[in-house]
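Working notes, structure below.
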Amino acid sequence: MNEIKHLYWRAGFGLSPEEWGRRRSWTRKKAVEELFAAAAQASPLELPARPDVDPRTVDRAELAELQKEERRRVVDQNLAWIGRMADPAHPALLERMCLFWHGHFACRTLQSRLAVGQLNVLREHGLGKFRDLVLGIARDPSMIRYLNNQQNRKEKPNENFARELMELFTIGRGHYEERDIKEAARAFTGWSSTLEGEFVFRRFQHDYGRKSFFGKDGYFDGTDIIDLILERRETARFIATKIYRYFVNEEVDQEMVLELAEQFYQSDYDIGRLMRTIFESDWFYQPRHVGSRIKGPVEMLAGLIRTLHLQLEPQEALLPVQRALGQTLFNPPNVAGWPGGKSWIDNATLTLRLNIPMAIYRSAELEFRPKTELEDQAPARKLGKLGGAAQLEPLYTILKGKSKGEVLEELQEYLLQTPPAISLEPLLQNLRSDNWEDEMKKAVFSMLSLPEYQLC
Amino acid sequence: MLSPFEKSDQKQIMKRRDFIKTSALASTAAMAPSFLTQLLGLPLQNSRAGKILVVVQLSGGNDGLNTVVPFQNDIYYQSRPGLAIPPREVLSLNDELGLNPALVALKELYEEGMLSIVNNVGYPNPDRSHFRSMDIWHTASPSDQYWPSGWLGRYLDSNCEGCASPYQAIEVDDSLSLALKGEQRRGFAVSDPAQLSRSMQNPVLRSVGQQYQPHGDHSEEVAYLYKVLLDTQSSAEYLSAQSRKKTSQATYPATPFGRDLKQIAELILADTDTRIYYVSLSGFDTHARQKGIQERLLQQYAEGMKAFVGDLRRQGLLDDTLILTFSEFGRRVAQNASQGTDHGTANNLFLMGGKLKKPGFFNEGPDLSRLDEGDLIYQIDFRKVYADILGQWLEADAGRVLGGNFPPLGLI
């Protein structure tokens, strides 16, 4: 198995045929450098304009219209993000880190400006210091709204944010008491969001009193709480475990994770250094890790688009497909994020995954009706056609002039991350020079329909 | 009503059923030619190896107060000047409570002792988000915990008899709800077996399925994906063949919900060994202009259920079937400014079947004079209802499935 391809599937979304042609012979080190250098070049995304209304005077009907329009604009951001994941012109590692952190700091966002604002926090700190990332999220208006921190006031603390901060975002269950949550909630009182969607610290709602947290006493505020949480090695272990499970293997190697966690802790929670250590290690490329990951729906779709240079028509078709496969960006099931692994797969999602390539190939209807959203009156429509133009020429360039055997080997190496469980020779049995492109196209789409393609 | 003769005949059948339960050839035993029993107007004498649970989900948060109406309550009328149902329109069931006028069909089931209404069901620290509250009902988690698996999925995990079968639990839908996803096992989503079968039989997938030979060389993940693929192919084919074999003669309403219920009846009739069926009716999020929207949905629901229960009764299968209807929350007591209601908390739920312990009202209606910031206060934790269903009906270890012991309520 090619190391470079394993690296790009885990640190990015696979390789386009051109990238594969150019990079397949790179050293591991060179490829890691490329990934980090591209990420370092990235700039913040442009914030969508604020809706042109005064939130104080808007009436109920206008508000409903506005909310509908904002939902549509969040969909635009969703599609644009998948577009970046699929596009070799964008830094793959950074987009991959953002997708990971989006699942970690899972948040449902109903306004486009807030969605992009939060994504910018992930972009800015996703490979930086974990402290800055947590602090950015604690001050993020979308998360503040999602976890009710606006209602967290001195007189009547709301513990929702404090609880998830500890349970899901940093240290994990079992390392704190209920009392710590109560005290942490007091420290975050007054961390709020304006109606316009900007962070605001409301002094008069903040509890300036003494707090006792993790056995220490002081006049702590939210930042102090985060620092006290990061002082605990359990936090480094919790995050390193999650990163290992996502980027390396669902099956955790305890010893390895403890080593990574210790380094993470010593480096003052430097995420970039942790990722570099993983990607530069020999053990990361061991056969037991390669092809062991069930692709999440979004990475599967982004990878497919990257491989085929796919222009979906209409683009919006990707939204109901995400929903049907169980992963909609900016709309995780709850604050715990997507469970991932085998939970992606049931008879319905697998049927759909395996039918997507052929639906694109034939521009055919997908016989699938997603569930109606809980707040919708009208039943969801069928997925319908997943039409679009694939550009296979770059792939053909690699394959032209090769014998059947070589073509099969080449395709298998490029498209699959695990040895196929069945013989693929029949796929090319009709390949001749006079029907080369037609047969080749069929073979490519057939290989994309294999269960093995769902793994990376 | 059954005559005394028929009752003793039923007993006779029960004995034979018990015998069949233990017989290895239980699956398709027919006890009398069906044309004959139909001709005589007798219940058909079908048999099955185990009890069946049907879960009906009303998605969006059904307004319980306008479903089971407290038509003697002043607070109800004061809180809903434009939305309360006038007493003369209510289909009264007792001195205080009655049904929404769109539920005529449900009233018949109530009068025949086929319906239990459980009031004030909810959970501590209720969440008013659809998604979160539905999650809580699906996973049966406490409201401050996030569980990745559903209660029926964990029932499948519990090594119940037949639980390894891929279609032990079927959701009549194109996608699978969290309720049916266990840690190890998952239910089976299929809205139309023939269509699913077609989707799994495109030329590539057919040949992939035929060629695959499991052996130790494949990674666990590859083996897992192929297992789901092969199970789906064979189950879709089997269910498609079975539901063609037994078509229901009953008339169902011509709505998608009616069609789904008919599908379930046919699969039950075909004796596919499936023990759990799951189906949803959506659109109950009635923030504006509630009256028309809710009544249209309630009528679809009631007429569907009447056809379904009647069908099962005629087939002699109602005693083996329990139907649970729930919604993720009720709505606030007071109406809003748009002739609708906003997200609330506790709600009523319905149980139907031939073996209810306490048909009619299981408990008293809501106390509108004692509210929590305008919301009803729950009295019965929904997990106790689940515990009854799991322990009493499905004969499972409810404590293990629910991750805690909930004392049985005595519903069934």
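The chains referred to below are lettered A, B, ... by the order of the sequence lines, with proteins before strands, and numbering in each begins at 1.
Using a 4.5 Å heavy-atom cut-off against chain B, the contacting residues of residues 366-373 of chain A are A:Glu367, A:Phe368, A:Arg369, A:Lys371, A:Thr372, A:Glu373. At a heavy-atom separation below 4.5 angstrom, chain B is approached by A:Lys342, A:Ser343, A:Ile345, A:Asp346, A:Asn347, A:Ala348, A:Leu350 within residues 341-350 of chain A.
With a 4.5 Å cut-off on non-hydrogen atoms, B:Gln233 does not touch chain A at all. For B:Glu171, the part lying under 4.5 angstrom from a heavy atom of chain A is the side chain only. Neither the backbone nor the side chain of A:Arg288 comes within contact range of chain B; no heavy atom of the residue lies under 4.5 Å from a heavy atom of that chain. There is no contact between A:Arg293 and chain B, counting heavy-atom distances below 4.5 Å. Using a 4.5 Å cut-off between heavy atoms, B:Glu220 contacts chain A through its side chain alone, with no backbone atom that close. Neither the backbone nor the side chain of A:Arg353 comes within contact range of chain B; no heavy atom of the residue lies under 4.5 Å from a heavy atom of that chain. If you measure heavy-atom distances from B:His218 to chain A, the contacts under 4.5 Å come from the side chain alone. With a 4.5 angstrom heavy-atom cutoff, B:Ser177 touches chain A via backbone and side-chain atoms both. Neither the backbone nor the side chain of B:Leu178 comes within less than 4.5 Å of any heavy atom in chain A.
For the options B:Arg186, B:Gln213, B:His287, heavy-atom pairs under 4.5 Å to chain A are most numerous at B:Arg186. In terms of heavy-atom pairs under 4.5 Å with chain A, the best-connected choice from B:Leu297, B:Leu180, B:Val190, B:Leu176 is B:Leu176. Put simply, of B:Glu183, B:Met134, B:Met200, the one with the most heavy-atom pairs under 4.5 Å next to chain A is B:Met200.
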**Study point:** Trace of the side-chain contact (heavy atoms from CB on, under 4.5 Å) decision for A:Arg60 with B:Asn336
**Key:** CA-CA 11 Å; A:Arg60 213 180 151 101; B:Asn336 63 24; 3.4 Å; yes

Practice item. Begin with the C-alpha distance, continue with both residues' side-chain angles, and end with the deciding distance and a verdict on side-chain contact (heavy atoms from CB on, under 4.5 Å) for A:Glu452 and B:Tyr226. Key: CA-CA 9 Å; A:Glu452 288 86 340; B:Tyr226 271 94; 2.9 Å; yes

Exercise for review: Test B:Val208 against A:Leu450 for side-chain contact (heavy atoms from CB on, under 4.5 Å), laying out the working first.
Suggested key: CA-CA 7 Å; B:Val208 165; A:Leu450 295 174; 3.5 Å; yes

**Study point:** Worked verdict on B:Leu205 versus A:Asn355 for side-chain contact (heavy atoms from CB on, under 4.5 Å)
**Key:** CA-CA 9 Å; B:Leu205 298 183; A:Asn355 273 284; 3.9 Å; yes

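When the ring pair (Phe, Tyr, Trp, His ring centres under 6.0 Å) test is applied to B:Phe188, no partner is found at least two apart in sequence or on another chain. Residues satisfying the ring pair (Phe, Tyr, Trp, His ring centres under 6.0 Å) test with A:Phe445, not counting sequence neighbours, are A:Tyr361.
Other residues, nucleotides and ligands place more than 12 heavy atoms under 6.0 Å from the CD atom of B:Gln201. By the neighbour-count criterion of 12 heavy atoms within 6.0 Å, atom NZ of A:Lys242 is densely surrounded, having more than that number from other residues, nucleotides or ligands. By the neighbour-count criterion of 12 heavy atoms within 6.0 Å, atom CD of A:Glu425 is sparsely surrounded, having that number or fewer from other residues, nucleotides or ligands.
Atom CD1 of residue A:Ile422 and atom CD of residue B:Gln211 lie 4.5 Å apart, to the nearest 0.5 angstrom.
Here the closest heavy-atom approach between residue A:Pro333 and residue B:Asp135 is recorded as O-OD2, 4.2 Å. Heavy atoms only, all atoms of each residue included: A:Arg163 and B:Asp144 are closest at NH1-OD2, 3.6 Å.
Inter-residue side-chain proximity for A:Leu374 and B:Asp285 is flagged as unmet; no heavy-atom pair is nearer than 4.5 Å. Between A:Glu250 and B:Glu221 there is no side-chain heavy-atom pair separated by less than 4.5 Å.
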